[in-house]
Number of protein chains: 2
Amino acid sequence: MERNTRQRTAIRQAIAEAARPLLPQEILQAAEVAVPGLSLATVYRNLRTLVEEGELLTVTLPGEVARYEIAGAGHHHHFQCESCQRVFEVHACPGNLAGLAPQGFVVERHELTLYGRCADCSDPKRPASARKPARAHGH
Amino acid sequence: MERNTRQRTAIRQAIAEAARPLLPQEILQAAEVAVPGLSLATVYRNLRTLVEEGELLTVTLPGEVARYEIAGAGHHHHFQCESCQRVFEVHACPGNLAGLAPQGFVVERHELTLYGRCADCSDPKRPASARKPARAHGH
DNA sequence: GTGGATGCAAACTCTTTGCACCTTG
DNA sequence: CAAGGTGCAAAGAGTTTGCATCCAC
């Protein structure tokens, strides 16, 4: 049976408030404000549980680690800003992609990712350097 | 200056012969036939070098580790078979995706991945279980 | 001969797991 | 109070790197 712990509540809320797919690290940062001492392992365990329950969706962009978003928005795609690295939902779809595959291939679903500049970063009045990127590690 | 070692030659050839994007592990397996004792570190080092030189392309599908393919095929997308997990090139593109993003977003490029059954796996005469999957790990 | 390349093992990042303790229902 | 949840640290997978040795040019 499912329990409602402070930790789970804080994790759920952090994702709900973000309105965009978040990294586990970002979720930890947002949720540990409400629950000091929250561990990354707990974030991962809850993410898995919430995905299995269908409350969250895993968003995996090419070459990126998994992000998490609230489920229920229906079929959609994602846009990643190449300036701030943040990911946004795109509620549009080119559709009708079954014909693109070679002879004999059966297309069942598709993933589309758009790249470019988000509204903030393409606005000359608000340069990218003024905003905090969604991830900061540099290999 | 670039050198042509037996290792680099074997790695290059393994990828060229595959005609589809390969995992580092698959490249190692194919290349160590020609160069016994080849190490995975050498595969990774050469992959990086060859990508930097523009000879190879990194193919990163959502939620998958990087694969590598020969560069120069022009703009294309990929198809992953959900039965054998292998990845194939798709030389078609829906095009004209710039209009899908929200107001103020600038689309510069896109990635599209199709999922379904490859020609082999959708052919009832050749069941998937008869073919070797491209990756075998099961978390 | 010398600088790039290799093999090995250790280090690193991201994620999962074992275990003892704690907390919710 | 029992089952599920948590924190910590250790373990795993995939990838990178330090270092001594090797070998192409």
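Order of the sequence lines sets the chain letters (A, B, ...), proteins ahead of strands, with each chain counted from 1. The shown structure was predicted, so the numbers you read here are calculated from the model rather than taken from an experiment. Excluded from the calculations below are hydrogen atoms, water molecules and symmetry mates; all remaining heavy atoms, backbone and side chain alike, are included.
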Item to check | Cys118(A) vs Ser83(A) side-chain heavy atoms within contact, under 4.5 Å | outcome: no
Item to check | Qualifying side-chain hydrogen bond (donor to acceptor under 3.5 Å, both in side chains) pairs with a residue from residues 90-101 of chain A, counting only residues at least two apart or across chains | outcome: Glu89(A)-His91(A)
Checklist entry - Whole Å only: how far is the CD atom of Glu26(B) from the C1' atom of dG14(D)? => result 14 Å
Next on the checklist: With a cut-off of less than 4.0 Å, is there a side-chain N or O of Gln7(B) near OP1 or OP2 of dT6(C)?
Outcome noted: yes
Next on the checklist: Hydrogens and angles aside, do His78(A) and Glu64(A) bring a side-chain donor and acceptor to less than 3.5 Å of each other?
Outcome noted: no
Checklist outcome for this item: Separation of dA11(C) atom C1' from Leu40(B) atom CG, nearest Å, is 15 Å
Checklist entry - What residues, two or more places apart in sequence or in another chain, satisfy salt bridge (charged side-chain N to carboxylate O under 4.0 Å, His left out) together with Arg8(B)? => result Glu2(B)
Atom pairs under 3.5 Å: protein N/O with N/O of nucleotides 20-23 of chain D:
none

Checklist entry - Should Tyr115(A) and Pro62(A) count as side-chain neighbours, where that means a heavy-atom distance under 4.5 Å? => result yes
Checklist outcome for this item: Side-chain atoms of Leu38(A) come closest, of dT6(D), dG7(D), dG7(C), to dG7(D)
Next on the checklist: Without decimals, in angstroms, what is the distance between Gln25(B) CD and dG14(D) C1'?
Outcome noted: 9 Å
Checklist entry - Closer to the 5' end of DNA chain D via nearest nucleotide, is it Asn4(B) or Pro24(B)? => result Pro24(B)
Next on the checklist: I need the CG-P distance between Leu28(B) and dC8(C), as an integer number of Å.
Outcome noted: 11 Å
Checklist entry - Is there side-chain contact between Leu61(B) and Val59(B), with at least one heavy-atom pair below 4.5 Å? => result yes
Checklist entry - Whole-Å distance between dT15(D) C1' and Glu64(A) CD? => result 16 Å
Checklist entry - How would you list, by chain and number, every residue that makes a side chain to side chain donor-acceptor pair (under 3.5 Å) with Glu52(A), sequence neighbours excluded? => result none
Checklist entry - Of the residues in residues 42-50 of chain B, which ones touch DNA chain C at a heavy-atom distance under 4.0 Å? => result Thr42(B), Arg45(B), Asn46(B)
Checklist entry - Do the side-chain N or O atoms of Thr5(A) get closer than 4.0 angstrom to the phosphate oxygens (OP1, OP2) of dT6(D)? => result yes
Under 3.5 Å, which donor-acceptor pairs link side chains of residues 99-114 of chain B to any protein atom two or more places apart or in another chain?
unit_1	atom_1	unit_2	atom_2	d
Arg109(B)	NE	Glu82(A)	OE2	2.9
Arg109(B)	NH2	Glu82(A)	OE2	2.9
His110(B)	NE2	His75(B)	NE2	3.4
His110(B)	NE2	His77(B)	NE2	3.2

Checklist entry - Counting N and O atoms only, with roles assigned by atom type, does the side chain of Glu26(A) sit under 3.5 Å from a partner on the main chain of Leu23(A), one being a donor and the other an acceptor? => result yes
Checklist entry - Separation of Leu61(B) atom CG from dG14(D) atom P, in whole Å? => result 16 Å
